[in-house]
K.L.:
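My questions all concern the structure below.
Naming convention: chains lettered A, B, ... in sequence-line order (proteins, then strands); numbering from 1 in each chain.
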Protein chains: 2
Amino acid sequence: MTPQDGPAGAGRGDTVASVVRQWHRTRPDLDTGPIEIVGRITRCAALLQQTEDAPLRRAGLSRAEYDVLCALRRMDRELTPGDLARETFSSGAAVTKRLKRLTEAGLVARRVDTRDRRVAHVSLTEEGRAHVDAVLPAQLAFERGVLGGLAESDAQELGQRLAELLQLLEGSLGGPRPAAF
Amino acid sequence: MTPQDGPAGAGRGDTVASVVRQWHRTRPDLDTGPIEIVGRITRCAALLQQTEDAPLRRAGLSRAEYDVLCALRRMDRELTPGDLARETFSSGAAVTKRLKRLTEAGLVARRVDTRDRRVAHVSLTEEGRAHVDAVLPAQLAFERGVLGGLAESDAQELGQRLAELLQLLEGSLGGPRPAAF
DNA sequence: CGAAGATATTTTCCTGGTAAAACACCTGTT
DNA sequence: AACAGGTGTTTTACCAGGAAAATATCTTCG
């Protein structure tokens with residue numbers, strides 16, 4: 001069996017580099033530039049998702065539940081389900097399900113708006129606040145550890161380039177507009 | 001209502017920048033560095049996922065199906081379901097389901113291995129090959145368009161930094177090892 | 001040869017997400 | 001006051017994915 005490109009070749013780089021090399025061989029006419037970015041972002045996101053799930057699991061939270069708790073914590077006020085949907089970039093149905101679970105766990109509380117009975121106001125319970133205040137630093141420390149292998153200047157650079165890209169994507173794709181005013 | 005941070009403030013940057021500012025106000029003790037990278041990668045991935053779904057939809061393919069077709073195309077040989085699972089970073093169950101759909105659509109064909117009846121060999125049909133050969137450049141052009149707002153040098157820089165991060169993640173997290181040898 | 005251990009793939013079961021529909025409620029107009 | 005249009009949230013129906021179990025098959029060992 002002839003050696004073929006694999007991601008693990010000595011000094012051959014990341015898997016996307018390997019994929020790009022395969023395309024060059026199979027379809028040399030293709031502009032693979034987008035793959036270098038899109039493919040890597042997708043792969044990095046997937047791997048980071050795996051890692052961040054592990055510490056949260058210890059705390060009995062899914063990533064999605066954590067996101068809800070964080071939104072409530074960082075905005076530091078009551079939010080409606082609609083607010084939460086916008087803050088977490090998800091659908092109303094997803095938020096409803098998450099809130100059901102979080103309410104049952106005693107981490108969030110809800111009350112109906114006095115002036116508009118369609119609206120619910122959601123807040124962290126004491127327990128919920130304590131929970132997220134405990135989990136948050138652990139999670140961030142974990143992520144810091146994962147990123148630790150990057151030189152600080154490279155990490156800064158990466159953050160900046162990603163910010164540019166994100167701004168571009170949010171601008172050109174009608175990015176979300178959370179209700180923050 | 002006092003103005004509060006939102007992602008859309010004039011010149012206030014991307015949503016993650018806004019989130020980070022909220023954390024600085026609410027929990028100034030936190031090291032938000034990881035959010036600058038992890039948060040942005042996650043958001044970029046989500047937004048890019050939305051965009052790449054739109055062109056593929058015109059071609060009647062989901063992202064997952066496209067990935068399978070691409071793996072077959074770029075490796076340019078028959079692959080087993082296990083190969084495909086590794087190449088697309090998914091589970092065997094997911095591959096089984098995708099192959100079912102693609103087989104029904106006449107885009108891939110399968111045959112049982114002659115020496116080991118557990119093993120199936122999957123290949124693109126003529127139609128499948130033509131399909132992916134048509135969709136691929138359109139998809140890449142679309143992605144190139146989306147990334148076009150980035151200065152070329154910034155895009156290069158981003159690709160490189162992402163490659164470093166991906167290599168790090170794949171190394172430290174026991175990254176995947178597709179069967180490419 | 002038979003049994004144990006391993007492996008490739010599929011099936012089963014469950015989870016969590018989304019789009020659309022449903023429901024309740026609000027606002028503005030006549 | 002009645003009605004139309006709009007809105008916030010939940011419910012419904014469906015989908016795709018993964019983990020674990022199931023099934024079929026292979027390899028090795030005594």
Side-chain angles (χ1 to χ4, degrees), chain A residues 42-43 45-47 49-54 56-57 60-69 78-105 108-123 176-179, chain B residues 42-43 45-47 49-50 52-54 56-57 60-68 78-105 108-123 176-179:
Chain A
T42 302
R43 281 305 298 145
L47 287 169
Q49 180 78 9
Q50 282 177 33
T51 65
E52 65 196 315
D53 277 2
L56 294 180
R57 222 172 286 133
L61 290 174
S62 72
R63 169 76 217 205
E65 288 159 2
Y66 175 68
D67 284 348
V68 169
L69 296 180
E78 282 186 315
L79 298 173
T80 67
D83 293 332
L84 287 167
R86 280 185 292 272
E87 281 296 317
T88 59
F89 307 108
S90 17
S91 69
V95 167
T96 295
K97 286 176 180 174
R98 294 178 204 168
L99 289 180
K100 181 170 192 268
R101 290 194 298 269
L102 291 171
T103 297
E104 284 167 356
V108 305
R110 49 191 308 147
R111 65 175 182 88
V112 179
D113 187 80
T114 47
R115 302 182 39 147
D116 185 341
R117 298 189 59 77
R118 296 172 298 181
V119 177
H121 292 285
V122 180
S123 55
R177 288 286 200 260
Chain B
T42 302
R43 281 305 298 145
L47 288 168
Q49 179 78 11
Q50 283 178 33
E52 64 195 315
D53 277 3
L56 294 181
R57 220 172 287 134
L61 289 175
S62 71
R63 170 76 218 202
E65 288 158 1
Y66 175 69
D67 284 348
V68 169
E78 281 185 317
L79 298 174
T80 67
D83 294 331
L84 286 167
R86 278 185 292 271
E87 281 296 317
T88 59
F89 307 108
S90 16
S91 69
V95 167
T96 295
K97 286 171 186 175
R98 294 177 203 170
L99 289 179
K100 180 171 193 265
R101 289 192 299 265
L102 291 171
T103 296
E104 285 167 357
V108 305
R110 50 192 306 147
R111 65 176 182 87
V112 179
D113 187 82
T114 46
R115 301 181 41 143
D116 184 341
R117 297 189 58 77
R118 295 172 301 183
V119 176
H121 293 285
V122 180
S123 56
R177 289 287 202 259

K.L.:
On a plain distance test, is the side chain of A:Lys97 in donor-acceptor contact with the base of D:dT11 below 3.5 Å?
P.N.:
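Per atom types, no contact qualifies.
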K.L.:
To the nearest 0.5 angstrom, please state how far the CZ atom of A:Arg118 sits from the OG1 atom of A:Thr80.
P.N.:
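Here the interatomic distance stands at 11.5 Å.
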K.L.:
For A:Gly92, which contact category applies under a 4.0 Å heavy-atom criterion: base, sugar-phosphate, or nothing?
P.N.:
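A:Gly92: base contact, heavy atoms under 4.0 Å.
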K.L.:
Using a 4.5 Å cut-off on heavy atoms from C-beta on, say whether the side chain of A:Leu99 contacts that of A:Leu84.
P.N.:
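Of all side-chain heavy-atom pairs linking A:Leu99 with A:Leu84, at least one is under 4.5 Å.
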K.L.:
Roughly how far, to the nearest 0.5 Å, is the OG atom of B:Ser90 from the NZ atom of B:Lys97?
P.N.:
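OG of B:Ser90 is found 11.5 Å from NZ of B:Lys97.
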K.L.:
If I take atom CG in residue A:Leu99 and atom P in nucleotide D:dT9, what distance separates them, rounded to the nearest angstrom?
P.N.:
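Value for this atom pair: 10 Å.
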K.L.:
C:dT9 P sits how many Å from B:Glu78 CD, rounded?
P.N.:
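Result: 12 Å.
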K.L.:
I want to confirm an ordering. Mapping A:Ala94 and A:Thr114 to their closest nucleotides on DNA chain C, which one lands closer to the 5' end?
P.N.:
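Its nucleotide being nearer the 5' end, the pick is A:Ala94.
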K.L.:
Let's see if you can work this out: which of C:dC26, D:dG17, C:dG17 has an atom nearest to the side-chain heavy atoms of B:Ala64?
P.N.:
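Ranking C:dC26, D:dG17, C:dG17 by closest atom to the B:Ala64 side chain puts D:dG17 first.
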K.L.:
Measure from the side chain of B:Thr96, starting at C-beta and using heavy atoms only, and say which of C:dT10, D:dT25, D:dA16 lies closest.
P.N.:
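Closest of the options to the side chain of B:Thr96: C:dT10.
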K.L.:
Would you indicate, yes or no, if D:dC15 has its OP1 or OP2 atom less than 4.0 angstrom from a side-chain nitrogen or oxygen of B:Arg98?
P.N.:
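So the side chain of B:Arg98 is outside the cut-off, no N or O lying under 4.0 Å from OP1 or OP2 of D:dC15.
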K.L.:
Looking at A:Arg63, does any N or O in its side chain come under 4.0 Å of the phosphate oxygens OP1/OP2 on C:dG16?
P.N.:
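For C:dG16, OP1/OP2 do not have a side-chain N/O of A:Arg63 under 4.0 Å.
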K.L.:
Check whether any side-chain nitrogen or oxygen of B:Arg110 sits under 4.0 Å from OP1 or OP2 of C:dT9, and answer yes or no.
P.N.:
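Indeed not, no polar side-chain atom of B:Arg110 lies that close.
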K.L.:
Considering residues at least two apart in sequence or located in another chain, which fulfil the side chain to side chain contact (heavy atoms under 4.5 Å, CB included) criterion with B:Ala105?
P.N.:
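B:Leu107.
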K.L.:
So which nucleotide from C:dG16, D:dT11, C:dT12 ends up closest to the side chain of A:Arg101?
P.N.:
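Side chain of A:Arg101 sits closest to C:dG16.
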K.L.:
Calculate the interatomic distance between B:Gln50 atom CD and C:dG17 atom C1'; express it in whole Å.
P.N.:
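Result: 13 Å.
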K.L.:
What nucleotide among C:dT18, D:dG8, C:dC13 has an atom nearest to a side-chain atom of A:Ala93?
P.N.:
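That would be C:dT18.
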K.L.:
Are there more than 12 heavy atoms of other residues, nucleotides or ligands under 6.0 Å from atom CZ of A:Arg111?
P.N.:
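Count over threshold, so yes.
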K.L.:
From CZ of A:Arg86 over to C1' of C:dT18, roughly how many Å is that when rounded to an integer?
P.N.:
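One finds 17 Å between C1' of C:dT18 and CZ of A:Arg86, rounded.
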K.L.:
Tell me whether the side-chain N or O atoms of A:Arg118 pair up with the base of D:dT9 as donor and acceptor below 3.5 Å, since no angle test is needed here.
P.N.:
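Under the 3.5 Å cut-off, the side chain and the base do not form any donor-acceptor pair.
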K.L.:
In whole angstroms, how far is the C1' atom of D:dG17 from the CD atom of A:Gln49?
P.N.:
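Atom-to-atom, A:Gln49 to D:dG17, this comes out as 13 Å.
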K.L.:
What is the separation between atom CG on B:Asp67 and atom P on D:dA16, rounded to the nearest whole Å?
P.N.:
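Roughly 14 Å, once rounded to whole Å.
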K.L.:
Nearest whole Å is fine: how far is C:dG16 P from A:Tyr66 OH?
P.N.:
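Going from OH in A:Tyr66 over to P in C:dG16 covers 18 Å.
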K.L.:
For A:Arg115 and D:dG8, what is the distance between atoms CZ and P respectively, to the nearest whole Å?
P.N.:
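Going from CZ in A:Arg115 over to P in D:dG8 covers 15 Å.
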K.L.:
The side chain of A:Pro81 lies closest to which of these nucleotides: C:dT9, D:dT9, D:dG18?
P.N.:
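The closest nucleotide is D:dT9.
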